[in-house]
Trainee: 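I am attaching a structure below and will ask some questions about it afterwards.
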Amino acid sequence: MIDRKAFRKDFEGMQKALARRGEALVTEGSAWARAHALDVVQRDVKAQSEALQAERNSVSKLIGQKKKNGEDASEELARMGEVGKQSKLLDAQAREAELAFTDALLEIPNMPHESVPDGADEDDNIEIRRWGEPRRDEVPAHWDIGEALGILDFEAGAKLAGSRFSVLRGAAARLERGLMQFMLDMHADQHGYEEVWVPAIANRKTLTGTGQLPKFEDDLYALEGEDAFLIPTAEVPVTNLYQDEILNASDLPIRHCAYTPCFRREAGSAGRDTRGMIRQHQFDKVELVQLVHPDHALSGLDELTGHAAAILEALELPYRVVNLCTGDIGFSAQKTFDLEVWLPSQNCYREISSCSSFAQFQGRRAGIRFRTDGGKPEAVATLNGSGLAIGRTLVAVLENGWQLDEHGNDSVVIPEKLRPYVGGLEKIVKA
RNA sequence: GGAGAGAUGUCUGAGUGGCUGAAGGAGCACGCUUGGAAAGCGUGUGAACUCGUAAGGGUUCCGAGGGUUCGAAUCCCUCUCUCUCCGCCA
């Protein structure tokens with residue numbers, strides 16, 4: 001959520017920043033414009049209501065005193081009957097106004113940081129650096145490799161659940177599990193993240209805290225008969241671990257890594273990546289989450305991005321880092337670096353991790369605050385990033401490690417550092 | 001799923017209609033004391049919104065929502081969650 005005081009004080013500045021995401025966000029009818037109009041109304045009604053309540057409170061006190069002293073309070077009582085009714089009415093109005101105002105605020109996206117490049121979509125993202133030497137030879141798509149080796153079964157996934165689900169068999173299943181352990185170990189043991197294991201279901205408040213709701217309900221799987229949803233990312237439960245808490249400044253930074261399955265309806269992605277494991281309704285991911293002092297949001301983001309990249313380097317997978325442009329960063333993000341891994345079959349880099357700073361946007365929504373000594377509580381800054389998406393990592397391992405042996409048989413060489421996690425397996429061959 | 005008990009501030013815990021934003025204790029901060037620390041003593045210590053340049057003021061908040069009342073932490077209703085017992089179950 002945007003800072004409501006800043007919204008008043010620096011209206012022009014914020015509007016300018018927001019417009020960098022797209023003019024439509026600040027024009028008439030936008031949540032921004034709505035909030036602007038409602039703010040004045042909201043405060044006005046509140047002031048009226050509070051004045052009346054103040055009167056009611058003081059006279060009520062007087063009545064109490066008079067009664068105690070055995071004096072006659074019938075005059076006050078008569079007057080207060082009316083004031084009480086009035087006050088109740090006004091109070092309802094004030095609450096409604098406040099609610100409408102916060103509803104509008106909740107739909108306003110975060111302001112992009114000035115270091116976020118201008119742009120309309122992913123074509124305007126800016127490459128920051130590359131690592132590794134991409135292989136340029138012909139490599140079959142992972143679904144062909146997987147089927148040739150008998151380890152990826154998309155038909156079974158479709159039969160069991162529908163499109164965009166898959167079944168892993170044998171070495172692929174083992175690889176999925178091994179990757180998860182490998183990533184968690186590295187973050188927990190080398191990068192200083194405390195591992196947590198959290199529910200894969202979250203309620204409405206929790207999803208509002210990180211920004212998925214109220215705007216993106218269609219992207220979530222809702223549970224019937226409950227006001228709860230399957231999580232689209234571990235960011236949601238892990239960040240909200242500290243929902244409505246006031247931390248000590250000395251507690252920061254807080255770093256957590258977590259594995260969870262992730263569930264996404266992919267409502268707006270019809271026709272994209274329909275084959276293979278790139279875009280699934282259910283996928284596994286190891287997530288990194290940090291709660292930091294607002295002054296350290298961007299330095300923390302650099303560091304966190306490095307932690308995610310370290311996994312790719314350990315797996316010898318070529319990648320690049322991309323600074324997302326204003327048109328491509330997510331709703332809650334202040335700034336985002338994507339890690340894109342080389343997929344030789346597609347001859348391009350594909351997103352495998354998205355690392356974002358949210359500044360205090362989520363901290364304000366979720367009520368995650370910290371206090372320095374006796375000072376006023378202040379919203380924490382939050383960061384998170386995939387470290388990494390496991391399914392996509394599996395795809396990258398299959399394609400980048402693919403080879404044909406002298407007899408023309410497919411096989412996949414497992415990156416050395418991963419081998420201890422898959423029972424010492426060095427090479428996947430057809431079973 | 002059935003029966004019962006409960007939900008109060010950072011924690012613990014009192015409070016059954018006005019004097020309660022909330023006793024007592026712990027914790028924390030500051031001061032005194034000390035060579036230093038501990039103990040002891042003293043003082044202070046919730047949040048959100050809002051008015052104000054500020055000093056300072058107002059409103060709301062005792063799980064959530066509604067109701068009764070001039071007035072609700074306290075009475076009534078609904079819901080959520082926690083605990084205990086029973087049932088069921090990985």
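Chain identifiers are assigned alphabetically (A, B, ...) following the order of the sequence lines, protein sequences preceding nucleic acid strands; residue numbering begins at 1 within each chain. What's counted below: heavy atoms across the whole structure, side chains too, no hydrogens, waters or symmetry copies.
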Trainee: If I pick the P atom on U74(B) and the same atom on U68(B), what distance separates them, to the nearest angstrom?
Mentor: 15 Å
Trainee: Applying the Watson-Crick and G-U wobble criteria at under 3.5 Å, what pairs with G27(B)? Answer none if nothing qualifies.
Mentor: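 By the stated definition (distances under 3.5 Å), U45(B) pairs with G27(B).
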Trainee: Closest nucleotide of RNA chain B for Q65(A) versus for A51(A): which of these residues is on the 5' side?
Mentor: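 This one resolves to Q65(A).
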Trainee: Could you check whether the side chain of K88(A) and the base of U69(B) have a donor-acceptor pair of N or O atoms closer than 3.5 Å, going by distance alone?
Mentor: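 A donor-acceptor contact between them is present.
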Trainee: What's the CD-P distance between E50(A) and C61(B), to the nearest Å?
Mentor: 11 Å
Trainee: Output the single nucleotide from G66(B), U50(B), C70(B) whose closest atom is nearest the side chain of R95(A).
Mentor: G66(B)
Trainee: Phosphate oxygens OP1/OP2 of A64(B): is one of them under 4.0 Å from a side-chain N or O of R204(A)?
Mentor: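 Answer is no, no contact under 4.0 Å.
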Trainee: Using atom CD of E98(A) as one end and atom P of A48(B) as the other, report the distance to the nearest whole Å.
Mentor: 14 Å
Trainee: I'd like the P distance from A39(B) over to A29(B), given in whole Å.
Mentor: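 One P to the other, the span is 12 Å.
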Trainee: Using the C1' atom as the reference point in each nucleotide, state the distance between C62(B) and U10(B) in Å, no decimals.
Mentor: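 Looking at atom C1' only, C62(B) and U10(B) are 16 Å apart.
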Trainee: Using both distances under 3.5 Å as the test, list the Watson-Crick or G-U wobble partner of U84(B), or none.
Mentor: A3(B)
Trainee: Sticking with atom P, work out how far G6(B) lies from A14(B), rounded to a whole angstrom.
Mentor: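 After rounding to an integer number of Å, I get 12 Å for this pair.
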Trainee: Heavy atoms only, 4.0 Å cut-off, all strands: where does R79(A) land among base, sugar-phosphate and nothing?
Mentor: nothing
Trainee: Which nucleotide, C70(B), U50(B), A47(B), lies nearest any side-chain atom of R369(A)?
Mentor: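 Nearest nucleotide to the side chain: A47(B).
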Trainee: P atom, G9(B) versus A48(B): distance in rounded Å?
Mentor: 16 Å
Trainee: Atom CG of L90(A) and atom C1' of U59(B): how far apart are they, to the nearest Å?
Mentor: 13 Å
Trainee: Any side-chain donor paired with an acceptor under 3.5 Å for S250(A) and N248(A)?
Mentor: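 No donor-acceptor contact under 3.5 Å links the two side chains.
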Trainee: For RNA chain B, whose closest nucleotide is more 5', that of S58(A) or that of G64(A)?
Mentor: G64(A)
Trainee: Does C62(B) have a Watson-Crick or wobble mate here (both distances under 3.5 Å), and if so which one?
Mentor: none
Trainee: Does A37(B) have a Watson-Crick or wobble partner in any strand here, with both distances under 3.5 angstrom, and which is it?
Mentor: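 Partner of A37(B): none.
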Trainee: Work out which heavy atom in S87(A) is nearest to a heavy atom in R56(A); give both atom names and the distance.
Mentor: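 Here S87(A) and R56(A) meet closest at OG-NH1, 3.8 Å.
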Trainee: Do any side-chain nitrogens or oxygens of R56(A) fall under 4.0 Å of OP1 or OP2 in U60(B)?
Mentor: yes
Trainee: What is the nucleic acid contact for R364(A), judged by heavy atoms within less than 4.0 Å: base, sugar-phosphate only, or nothing?
Mentor: nothing
Trainee: For F7(A) and C49(B), give me the distance from atom CZ to atom P, rounded to whole Å.
Mentor: 15 Å
Trainee: Can you identify which nucleotide, out of C49(B), C70(B), C51(B), has its nearest atom closest to the K46(A) side chain?
Mentor: C49(B)
Trainee: Within this structure, what is the NZ-to-P distance between K205(A) and U80(B), rounded to whole angstrom?
Mentor: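 Answer to the nearest Å: 17 Å.
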Trainee: Taking 4.0 angstrom as the limit, do R265(A) and D219(A) come out as a salt bridge?
Mentor: no
Trainee: Tell me: CZ of R8(A) to C1' of U50(B), nearest whole Å?
Mentor: 8 Å
Trainee: Give the rounded distance in Å between these two atoms: CG of D227(A) and P of G65(B).
Mentor: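 Going from D227(A) (CG) to G65(B) (P), I get 15 Å.
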Trainee: What distance, rounded to whole Å, do you find between the two C1' atoms, one in C77(B) and one in G2(B)?
Mentor: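 Between the two C1' atoms, the distance is 22 Å.
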Trainee: How about T233(A) and K285(A): does a side-chain donor come under 3.5 Å of a side-chain acceptor?
Mentor: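 Note: T233(A) and K285(A) side chains meet the donor-acceptor criterion.
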Trainee: side-chain hydrogen bond (donor to acceptor under 3.5 Å, both in side chains) between S356(A) and K335(A): does it pass, once the steps are laid out?
Mentor: CA-CA 6 Å; S356(A) 302; K335(A) 178 170 187 166; over 6 Å; no
Trainee: For Q362(A) and T210(A), test the side chains for any donor-to-acceptor distance below 3.5 angstrom and give the result as yes or no.
Mentor: no
Trainee: Base, sugar-phosphate alone, or nothing: which one does D91(A) contact when heavy atoms must sit under 4.0 Å apart?
Mentor: nothing
Trainee: Hey, does Q53(A) reach any base, or is it just sugar-phosphate, or nothing, if we go heavy atoms under 4.0 Å?
Mentor: sugar-phosphate
Trainee: Indicate the atoms forming the closest heavy-atom contact of L230(A) with L220(A), along with that distance.
Mentor: O-CD2, 4.3 Å
Trainee: Searching all strands shown, indicate the nucleotide that pairs with A55(B) (Watson-Crick or G-U wobble; both distances under 3.5 Å).
Mentor: none
Trainee: Can a side chain N or O of R371(A) be found less than 4.0 Å away from OP1 or OP2 on A47(B)?
Mentor: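 Yes, such a contact exists.
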Trainee: For the C1' atoms, the ones on C76(B) and on G25(B), what distance do you get once it is rounded to whole angstrom?
Mentor: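 After rounding to an integer number of Å, I get 34 Å for this pair.
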Trainee: Using ring pair (Phe, Tyr, Trp, His ring centres under 6.0 Å) as the criterion, point out the one residue from F283(A), F182(A), W197(A) that pairs with Y259(A).
Mentor: W197(A)
Trainee: Between G66(B), A48(B), C70(B), which nucleotide gets closest to the side-chain atoms of K376(A)?
Mentor: A48(B)
Trainee: I need the CD-C1' distance between Q42(A) and C49(B), as an integer number of Å.
Mentor: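 Spelled out: CD on Q42(A) to C1' on C49(B) is 8 Å.
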Trainee: Determine which nucleotide pairs with A22(B), using a 3.5 Å limit on both distances of a Watson-Crick or G-U wobble pair.
Mentor: none
Trainee: Of the listed nucleotides (A48(B), G58(B), C49(B)), which one gets closest to any side-chain atom of P377(A)?
Mentor: A48(B)
Trainee: Taking the C1' atom of each, how far is G17(B) from G24(B), in whole Å?
Mentor: 23 Å
Trainee: May I ask you to evaluate whether N57(A) reaches the phosphate of U60(B), defined as a side-chain N or O under 4.0 Å from OP1 or OP2?
Mentor: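 Yes.
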Trainee: For the side chain of R43(A), starting at C-beta, report the closest nucleotide among C70(B), C49(B), C51(B).
Mentor: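 Selected nucleotide (nearest to the side chain): C51(B).
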